[in-house]
Protein chains: 2
Amino acid sequence: MTARRAGGPTMHDVGKLAQVSAMTVSRVLKNDPGVSEATRERVFAAVDRLGYRRNETARSLRLGGSGMIGLVVTNLANPFYSRLALGVQEVATEYGFRMVLSNSAEQADREPGLVDGLIDHQVEGLIVVPAGSRQQHLAAAMRHVPVVLAARPPAGLDTDCVLVEDFHGAREATACLLAEGHTRIAFLGNPPSLYTGAERLRGFWAAHDEAGVEPDNALIRQGLVDAATAEAATLELLGRPDAPAALFCTNNRISQGAIRALLKSDVTLPLAGFDDFDLSDVLGLPLTLVSYDADEIGREAARLLIDRLGHKEAEQPPSRRVTIPTRVVRHGVHADGRPLGPPRTDT
Amino acid sequence: MTARRAGGPTMHDVGKLAQVSAMTVSRVLKNDPGVSEATRERVFAAVDRLGYRRNETARSLRLGGSGMIGLVVTNLANPFYSRLALGVQEVATEYGFRMVLSNSAEQADREPGLVDGLIDHQVEGLIVVPAGSRQQHLAAAMRHVPVVLAARPPAGLDTDCVLVEDFHGAREATACLLAEGHTRIAFLGNPPSLYTGAERLRGFWAAHDEAGVEPDNALIRQGLVDAATAEAATLELLGRPDAPAALFCTNNRISQGAIRALLKSDVTLPLAGFDDFDLSDVLGLPLTLVSYDADEIGREAARLLIDRLGHKEAEQPPSRRVTIPTRVVRHGVHADGRPLGPPRTDT
DNA sequence: CTGTTAGCGCCTTCAA
DNA sequence: TTGAAGGCGCTAACAG
């Protein structure tokens with residue numbers, strides 16, 4: 001149709017068709033009041049006819065702000081992170097930002113590259129769920145843009161973060177099991193190098209302390225990374241002569257692995273765990289789950305970041321830490337069909 | 001530290017520090033062979049010292065290619081779409097592209113705006129899971145960049161798409177139920193305006209035809225949009241005097257709603273459905289699920305798109321249609337504990 | 001109300 | 001082996 005270079009029509013092309021300068025086209029598209037109605041209409045007509053779209057890349061080069069914020073998560077396939085991403089996007093959109101997402105696929109060593117890539121693409125800020133325990137690359141990133149951490153706290157970094165009540169939630173759920181008289185509780189956890197793993201173990205331990213019960217170290221398994229390793233660990237525990245009477249799992253994937261082991265073994269043990277998941281309420285197992293709003297982690301992180309973007313370099317607020325509350329949800333019945341004690345909270 | 005404008009140091013700043021021109025910095029960063037080793041080292045040192053990062057926005061303005069492809073999905077919280085997104089990202093990364101993700105949050109009327117926004121940000125191509133049945137905005141988008149559809153076919157558009165075997169999968173799963181002697185099968189489906197809904201109903205119907213069984217229209221429910229509506233529809237069906245003896249569900253959320261209804265009602269019916277989901281194998285229900293690789297849909301879509309990006313305008317291949325195979329997975333046992341017949345496929 | 005000039009950060013082309 | 005000029009598409013700042 002129209003003679004155009006590889007990139008489609010430009011303002012210049014539109015202007016030529018509407019018989020005005022590119023500058024006037026720019027004004028019209030920006031809703032600048034100082035343009036006559038007649039001109040405005042001609043410009044819009046030309047835009048329509050050419051299918052013209054303003055080049056945001058050139059625009060942001062000129063204006064010095066890309067309107068994009070970056071999000072780095074470890075595993076988008078985990079509903080936890082996809083909810084978090086949706087929360088970020090919700091708030092980002094609300095404030096006129098676009099979210100660019102990167103997934104490190106559980107490989108901590110890929111994270112620095114992803115972060116750099118986002119910075120190269122001129123994101124104005126970053127929200128990161130740190131994959132590993134090293135965070136130097138984030139310190140480097142902070143030289144360029146503000147960084148907000150989600151789900152894990154900064155380590156040697158001075159920046160905002162959004163956490164869940166890892167310690168409190170784990171303690172409360174464990175206390176439920178203890179209150180029912182279960183004293184031999186196995187702990188199935190992710191690597192203790194992860195903040196969440198360590199905190200949740202701490203909560204598990206604190207509940208025991210408060211109940212005056214000594215946890216059996218022989219029933220503690222850490223370093224589980226997915227449902228499969230959790231299933232294997234559970235099967236091994238169930239086969240022991242001193243098998244546990246209840247289970248505590250530190251996240252949704254570990255709970256699911258443990259549940260698979262229980263159901264395959266046809267054993268019904270009370271299970272407590274972090275993260276609620278689909279169909280947990282109808283499994284017919286006595287479950288005590290620490291539930292929280294993953295979307296809200298994303299929303300809060302985005303709010304913190306965007307707030308920071310609104311302040312000049314000089315008047316940045318001190319780093320903040322926001323905590324998302326957890327609540328305990330109880331499902332299912334005991335093996336003998338007797339309902340569990342009165343739920344503390346329910347859906 | 002260094003005097004810098006809002007956007008951080010530029011090649012010019014690096015050059016000044018390394019006592020070369022910006023042009024030479026550009027050459028070094030591009031691995032251009034025509035630079036002396038001494039200069040190269042001075043430049044790298046300056047880059048390090050300033051924490052310099054090349055501005056990809058300016059670069060792509062000059063080079064005329066952003067290196068980004070856009071993906072539009074309807075609901076990232078559905079594992080189906082998050083897997084699809086991971087598949088897209090995997091292939092995109094492999095070919096040096098970056099994926100920019102937009103989520104329409106189930107609101108079809110937001111899709112055009114998202115598509116336009118991605119085009120404004122200079123994505124070089126788009127992969128779209130169309131939210132509604134109208135696709136004119138995609139025709140407009142195709143004036144700018146290639147568009148590949150995922151999970152739903154083009155309607156009045158000439159472009160590539162990646163589909164699953166909706167018809168075949170539904171027919172096969174339904175045939176399993178019929179082969180076991182269930183003739184009163186309820187159909188719980190999403191709106192028939194969606195391609196997948198219509199195709200899966202067609203497969204359901206075809207299996208009945210082939211088995212010489214007449215489906216009961218009174219047991220067909222369409223227009224279900226989520227687990228809650230599916231649960232309600234299932235409860236209603238179970239309460240009828242002529243209640244069904246088996247259920248067919250057209251997607252994971254509908255299956256989950258139906259399962260919740262069954263388990264709450266303490267009724268065990270054989271259930272067939274599209275999409276596998278977490279823990280389906282340990283629910284203890286007789287399930288016949290149509291499983292497929294959602295990642296692969298994303299990977300194929302990305303391959304088709306990137307292939308097209310590699311061809312000049314003149315030599316574009318004709319539009320292609322790729323189909324992702326399905327397989328039937330059977331789980332669980334009959335209500336009386338008797339195992340189901342020999343599985344046709346298994347995990 | 002509208003146009004001209006200049007430059008955002010980078011890279012292609014040409015010259016030294 | 002290196003640098004200078006010019007321009008990708010857009011828009012502030014200043015004319016007119």
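Keep in mind that this is a model prediction, so the values were computed, not measured. Naming: A, B, ... by sequence-line order, numbering from 1 per chain.
OP1 or OP2 of dC10(C) sits under 4.0 Å from a side-chain N or O of Y52(B). Put simply, T39(A) has a side-chain N or O that comes within less than 4.0 Å of OP1 or OP2 on dT2(C). At the phosphate of dA12(D), OP1 or OP2 sits under 4.0 Å from a side-chain N or O atom of K30(A). An OP1 or OP2 oxygen of dT11(D) is reached within less than 4.0 angstrom by a side-chain nitrogen or oxygen of S26(A). Taking 4.0 angstrom as the limit, T24(A) places none of its side-chain polar atoms (N or O) nearer than this to OP1 or OP2 of dC1(C). For dC10(D), the OP1/OP2 oxygens have no side-chain nitrogen or oxygen of T57(A) closer than 4.0 Å. Residue S36(B) places at least one side-chain N or O under 4.0 Å from the OP1 or OP2 atom of dT2(D).
If you take CG of N55(B) and P of dG7(C), they are 18 Å apart, rounded to a whole angstrom. To the nearest angstrom, P of dC10(D) lies 9 Å from CG of D13(A). In this entry the distance linking CZ of R27(B) with P of dC14(C) reads 14 Å, nearest Å.
Inter-axis angle, ends of the helix from dC1(C)-dG16(D) to dA16(C)-dT1(D), five pairs per end, rounded to 10 degrees: 40°.
Here E124(B) contributes atom CD and R308(B) contributes atom CZ; the two are 15.0 Å apart, rounded to the nearest 0.5 Å.
S66(A) places a side-chain N or O within 3.5 Å of a backbone atom of Q122(A) that can act as its donor or acceptor partner. For the pair Q316(A) (side chain) and H311(A) (backbone), a donor-acceptor distance under 3.5 Å is present.
For S21(A), whose side chain is taken as the heavy atoms from C-beta onward, the closest listed nucleotide among dC10(C), dT2(D), dT4(C) is dT4(C). The M11(B) side chain lies nearest to dC11(C) when the options are dG9(C), dC11(C), dT1(D).
For dC10(C), its base never sits under 3.5 Å from the side chain of R59(B) at any donor and acceptor pair.
Toward the 5' end of DNA chain D, the nearer of the two residues R62(B) and R54(A), judged by each one's closest nucleotide, is R62(B).
A salt bridge is absent between D120(B) and R59(A): the closest approach of a Lys/Arg side-chain nitrogen to an acidic carboxylate oxygen does not fall below 4.0 angstrom.
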